[in-house]
Amino acid sequence: MPQDTAALRSILSLAPVVPVIILDDVSQARPLAEALVAGGLPILEVTLRTPNALKVMEEMAKVTGAIVGSGTVRNALHMRQSVDAGCRFMVSPGISPRILDAADDIGIPLLPGIATPSEAMTASERGYGFLKFFPAEANGGAPVLKALASPLADITFCPTGGIDAAKAKVYLGLSNVICVGGSWIMPADALATNDWARIETLAREASQLRG
Ligand code: 3PG
């Protein structure tokens, strides 16, 4: 089916920030998810960029309160694997006719990435009301989304890419932004040292960014 906008709206409205997770160490999956959920960020995007990404998703999906989605979804196989791993939504870096066709046959919603008004219109014509603006900062950031709010008033965005806490606050003040994605909540040194308390603190700060 086309994008299940009601399902996606209810997921993306649960928290202002979606942590974008790149993780290969399966033993870190549960404690990381627990820290993020405890900090108030239950929506977790696990990117398919590591050999163990699917196992990481499976572990995170077992954490009470966590709603796990797959990221960096590029094809129909990724979509089927995401469903099997317990994902509730999927995120792609861009749109292509093939990926939109494949998403039509999958029972969980896709949040596809766009970078231009033409791509947003193409996705909208296929029934998509929620889009990822990616890579957000490299493509002009909040001023671009602000400029799209009037001509593309029926489209809501989740900007991702190059965002930190200060920038997130600006995006979240826009009428056409439901949430933002980012990895700043999980600094590399905190992950390397299993510093879950620090990650929980950063998550808590992020969970309170919506004014
Ligand atoms: C990504 O695809 O890696 C996400 O956009 C996260 O970007 P960030 O690391 O710049 O927050």
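Both ligands and their constituent atoms are indexed starting at 1 by order of listing.
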Colleague: Of all the non-hydrogen atoms in the protein, which one sits nearest to atom 7 (O) of ligand 1, and at what distance?
Modeller: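 In this structure, atom 7 (O) of ligand 1 has G161 CA, 3.7 Å as its nearest protein heavy atom.
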Colleague: Look at ligand 1 and say whether G162 reaches it with a heavy atom at a distance under 4.0 Å.
Modeller: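 In this structure, G162 qualifies as a contact of ligand 1 - some heavy atom is under 4.0 Å.
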Colleague: Do P112 and I99 have side chains that get closer than 4.5 Å, going by heavy atoms?
Modeller: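 The answer is no; the side chains never approach within 4.5 Å.
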Colleague: What are the two closest non-hydrogen atoms of M186 and V20, and how far apart are they?
Modeller: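 Shortest heavy-atom separation between M186 and V20 comes out as CE-O, 3.4 Å.
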Colleague: Check contact between W184 and ligand 1, using heavy atoms of the residue and a distance below 4.0 angstrom.
Modeller: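 No; W184 lies far enough from ligand 1 that no heavy-atom distance drops under 4.0 Å.
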Colleague: Within the 4.0 Å heavy-atom shell around F134, which atoms of ligand 1 are there?
Modeller: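 Listed by number with element, the hits are 2 (O), 5 (O).
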Colleague: Quick one: does E45 get within less than 4.0 Å of ligand 1, heavy atoms only?
Modeller: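 No, E45 has no heavy atom closer than 4.0 Å to ligand 1.
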Colleague: If we only count heavy atoms from C-beta on, is the I22 to E45 side-chain gap below 4.5 Å?
Modeller: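 No; the side chains remain at least 4.5 Å from each other.
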Colleague: Tell me whether L54 is reachable from M90 by hopping between hydrophobic residues (I, L, V, M, F, W, Y) whose side-chain heavy atoms are closer than 4.5 Å.
Modeller: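 As far as the 4.5 Å side-chain criterion goes, L54 and M90 are connected within one cluster.
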Colleague: Select one of side chain, backbone, both or neither to describe which atoms of K132 lie under 4.0 Å from any atom of ligand 1, heavy atoms only.
Modeller: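 It is neither; nothing of K132 touches ligand 1.
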Colleague: For atom 6 (C) of ligand 1, which candidate among V18, I22, V20 provides the closest heavy atom?
Modeller: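 Result: the heavy atom closest to atom 6 (C) of ligand 1 is in V20.
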Colleague: Give the atom numbers and elements of ligand 1 that come within less than 4.0 Å of a heavy atom of T160.
Modeller: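 That gives atoms 4 (C), 5 (O) of ligand 1.
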Colleague: In the protein, what heavy atom is nearest to atom 1 (C) of ligand 1, and what distance, to one decimal place, separates them?
Modeller: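 Residue, atom and distance for the closest contact: R49 NH2, 3.2 Å.
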Colleague: Number the atoms of ligand 1 from 1 as they appear, then name those within less than 4.0 Å of a heavy atom of G182, with their elements.
Modeller: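 Matching atoms, with element in brackets: 11 (O).
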Colleague: How far is atom 8 (P) of ligand 1 from the closest protein heavy atom, and which atom is that?
Modeller: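 For atom 8 (P) of ligand 1, the nearest protein heavy atom is S183 OG, 3.5 Å.
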Colleague: Examine V73 and F134 and state if one hydrophobic cluster contains both, with Ile, Leu, Val, Met, Phe, Trp and Tyr joined whenever side-chain heavy atoms are less than 4.5 Å apart.
Modeller: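 No, V73 does not connect to F134 through the hydrophobic network.
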Colleague: Does W196 belong to the same Ile/Leu/Val/Met/Phe/Trp/Tyr cluster as V17, with side-chain heavy atoms less than 4.5 Å apart forming each link?
Modeller: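 W196 clusters together with V17.
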Colleague: Looking at E58 and K62, is there a salt bridge between them, counting it only when a charged N and a carboxylate O are closer than 4.0 Å?
Modeller: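 Salt bridge between K62 and E58, a charged N being under 4.0 Å from a carboxylate O: no.
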Colleague: If you compare all heavy atoms of G129 against all heavy atoms of Q3, which two are closest, and at what distance to 0.1 Å?
Modeller: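 Minimum heavy-atom separation between G129 and Q3: N-OE1, 2.7 Å.
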